[in-house]
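Proteins get letters first, then strands, A, B, ... in listed order; numbering begins at 1 in each. These values consider heavy atoms only, across backbone and side chains, with no hydrogens, waters or symmetry-generated copies.
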Amino acid sequence: MLEVKNIRENIDTIKHRLKKRGMSDDALLILDEIIVIDDKRKQSQTSNDAILSQVKSLSGQIGSLYKSGNREEADQLKTQVTALKEEGSKYEQELKDAEEALYQALLTVPNVPHDSVPAGQTEDDNEVHKPWHTDLPTLEHNLPHWELGSKYNILDFELGNKITGAGFPVFRGKGSRLQRALINFFLDEATAAGYEEIVPPLLVNEDTARGTGQLPDKEGQMYYMERDNLYLIPTAEVPVTNIVRGNLMTEDQFPVKFTAYTPCFRREAGSYGADVKGLNRVHQFDKIEIIQIQHPDKSYETLQQMVDHVESLLVKLELPYRILRLCGGDLGFTSALTFDFEVYAAAQKKWLEVSSVSNFETFQSNRLKLRYKDQSGKKHLAHTLNGSALALARIIAAILENNQVADGIRVPTVLQSYTGFEFIN
RNA sequence: GGAAGAAUGGCAGAGCUGGUUUAAUGCACUAGUCUUGAAAACUAGCGUGCCGCAAGGUACCGGGGGUUCGAAUCCCUCUUCUUCCGCCA
């Protein structure tokens, strides 16, 4: 959520940048509207405060009058207060309405794209920030991962259908073991990079879902437990970033670095076709997330560190990858700048997104009320960042496809000490 | 799931028979005095949001609602915690 103060001070820059997201001039008028609503809000509060002040003072007088036995005069004041309160309730209602209208209006405005975000509408307009440096691999044996999964009995989609439904794959045997190996590898790498490991709850309440912006704009993406009013997390970002919700930090506490492994649950309603085949898009998958809370002056430096971290993982896993700088139209609602990582799945001949590393600047911290005190004691919103390091299901798809040979699948060297085997057959 | 009790500012802890409470007091913290330095002592300051150039105003005593001229204090409701009972990996 943007700050009204920021909108007031930088409305032209903000409008200019929001256009990169494809917002029309008409849609941008919401920003002018926000300022008008905020003016109204201030005005109502000033009027309301003045009335309350009078009521308070008169009530004090009534008290003393009763004590001194001056009942008549007290009763007279009472009628005066009653009249005042009636007038005040009008302003109070105005104030409430303005606050609500302001909140609703602010919710509709996405984050302001960073200066370096390319304009564009769809994923085709994303800029290849770092291309794959050599020829893409071609395979002698090129079964897609879903066929490899059943051939070696490590991945079973039919079984998932039986137990739960489409999009809930079952890993078994060496497939499960590979999964666990990746989780441990990613967590060890994150820990070595200074991230504190967290095991968060997988169900979150409304306040938490609102804090990171899943509510209200992505409500349909989450599984919801109506009976208990809880949401299954779509990513560890949600519970882990909320660790610092409402915190007032000091500058020397930066950066805060968290990592967490969690299953992620996504409803992803209405997606069908080749893109959702196999592990390409599922309702439940495992992911290791890295999260940082940083001083605004250093957050872009931090973003680069996180990008480097994710890149190092892909290098160690020997996977062909490329890095995209998302264009305005493809940028997430809450993000100011996002780099996507894609790995090449050689049998499908497709690029699969396996990580998304973003700087949210103050967009999340404004909703989270996450602030820090500078040396002069002034309070400012902190910056939040996060990235997948990495999303498992698609990484497994790529490993299976790219490493297949005639009679099995080679396990990447870096994982062998984790799996305890070098080959799946 | 059942019963009882509790929730106050960074912490501890008054207030809770409704009206100088603009929330006492202590600790912690910050600045100053004193000291060679430190400690101690003393003096002052010390929550958050919103409105205001400022002076100042206003709201907040777990969340929400209500009664009243006036609520930390009374009522309703929700949440969390503690103790006991039940169930249980």
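Distance check, rounded to the nearest 0.5 Å: NZ of A/K40 to CG of A/D38 gives 12.5 Å. Atom OH of A/Y300 sits about 7.0 Å away from atom NE2 of A/H383, to the nearest 0.5 Å.
Across the P atoms, B/rG64 and B/rA71 are found 16 Å apart, a figure rounded to whole Å. Rounded to whole Å, the C1' atom of B/rU8 lies 13 Å from the corresponding atom of B/rU21. Between B/rG45 and B/rG26, the two P atoms lie 13 Å apart (nearest whole Å). Rounded to the nearest Å, the gap between the C1' atom of B/rA14 and that of B/rC76 is 27 Å. With C1' as the reference atom, B/rG9 and B/rC60 are 11 Å apart, rounded to whole Å. If you take atom P in B/rG70 and the same atom in B/rU58, they sit 15 Å apart, rounded to whole Å. A gap of 29 Å separates the P atoms of B/rA38 and B/rU48, to the nearest Å. Comparing the P positions of B/rU68 and B/rC16 gives a spacing of 24 Å, expressed to the nearest Å.
Rounded to a whole Å, the NZ atom of A/K42 is 10 Å from the C1' atom of B/rG52. One interatomic measurement links the two molecules: NZ of A/K369 to C1' of B/rG47, which rounds to 17 Å at whole-angstrom precision. When rounded to the nearest whole Å, the span between CG of A/N48 and P of B/rC51 equals 14 Å. One can place CD of A/Q43 at 11 Å from P of B/rG52, the figure rounded to the nearest angstrom. At whole-Å resolution of the value, CD in A/E206 and P in B/rG63 are 18 Å apart. One interatomic measurement links the two molecules: CG of A/D75 to P of B/rU68, which rounds to 15 Å at whole-angstrom precision. Atom CG of A/N247 is separated from atom C1' of B/rU48 by 14 Å (rounded to the nearest Å). If you measure from atom CG of A/D49 to atom P of B/rU22, you get 17 Å, rounded to the nearest angstrom.
Base pairing analysis places B/rA39 opposite nothing; no Watson-Crick or G-U wobble pair with both distances below 3.5 Å involves it. Of the nucleotides present, B/rA6 is the one that pairs with B/rU80 by Watson-Crick or G-U wobble criteria, both distances under 3.5 Å. Across all strands shown, B/rG57 is found opposite B/rC50 as a Watson-Crick or G-U wobble partner, with both distances under 3.5 Å. In a base pair of the Watson-Crick type (N1 to N3 plus N6-O4 or O6-N4) or a G-U wobble (N1-O2 and O6-N3), with each distance short of 3.5 Å, B/rA23 is matched with no nucleotide. Pairing of B/rG1, defined by two Watson-Crick or G-U wobble distances under 3.5 Å, is identified with B/rC85.
A/Y223 and A/F168 have tilted rings, their planes meeting at an angle from 30° to 60° on a 0 to 90° scale.
Of all nucleotides listed (B/rA59, B/rC69, B/rG57), B/rC69 comes nearest to the side chain of A/K85. Residue A/K78 has its side chain nearest to B/rC69 when only B/rU48, B/rG57, B/rC69 are considered.
Of the charged side-chain nitrogens involved, at least one lies within less than 4.0 Å of a carboxylate oxygen, so that A/D32 and A/K15 count as a salt-bridged pair. Contact check on A/K287 versus A/E289 returns a salt bridge, with a Lys/Arg side-chain nitrogen under 4.0 Å from an Asp/Glu carboxylate oxygen.
An OP1 or OP2 oxygen of B/rC51 is reached within less than 4.0 angstrom by a side-chain nitrogen or oxygen of A/R41. Phosphate contact (OP1/OP2 of B/rU58, side-chain N/O of A/S53, threshold under 4.0 Å): present.
In terms of position on RNA chain B, the residue among A/S64 and A/R371 whose nearest nucleotide sits closer to the 5' end is A/S64. Nearest-nucleotide assignment on RNA chain B puts the 5′-proximal partner with A/G63, out of A/T79 and A/G63.
Residue A/L52 is in sugar-phosphate contact alone, with no base atom involved, counting any heavy-atom pair closer than 4.0 Å across all strands shown.
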Quick one, A/H380 with A/Y372, criterion ring pair (Phe, Tyr, Trp, His ring centres under 6.0 Å). Give me CA distance, side-chain angles, the key distance, then yes/no.
CA-CA 6 Å; A/H380 312 272; A/Y372 69 92; 5.4 Å; yes
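In terms of modelled atom types and a separation under 3.5 Å, the side chain of A/T82 and the main chain of A/K78 share a donor-acceptor contact.
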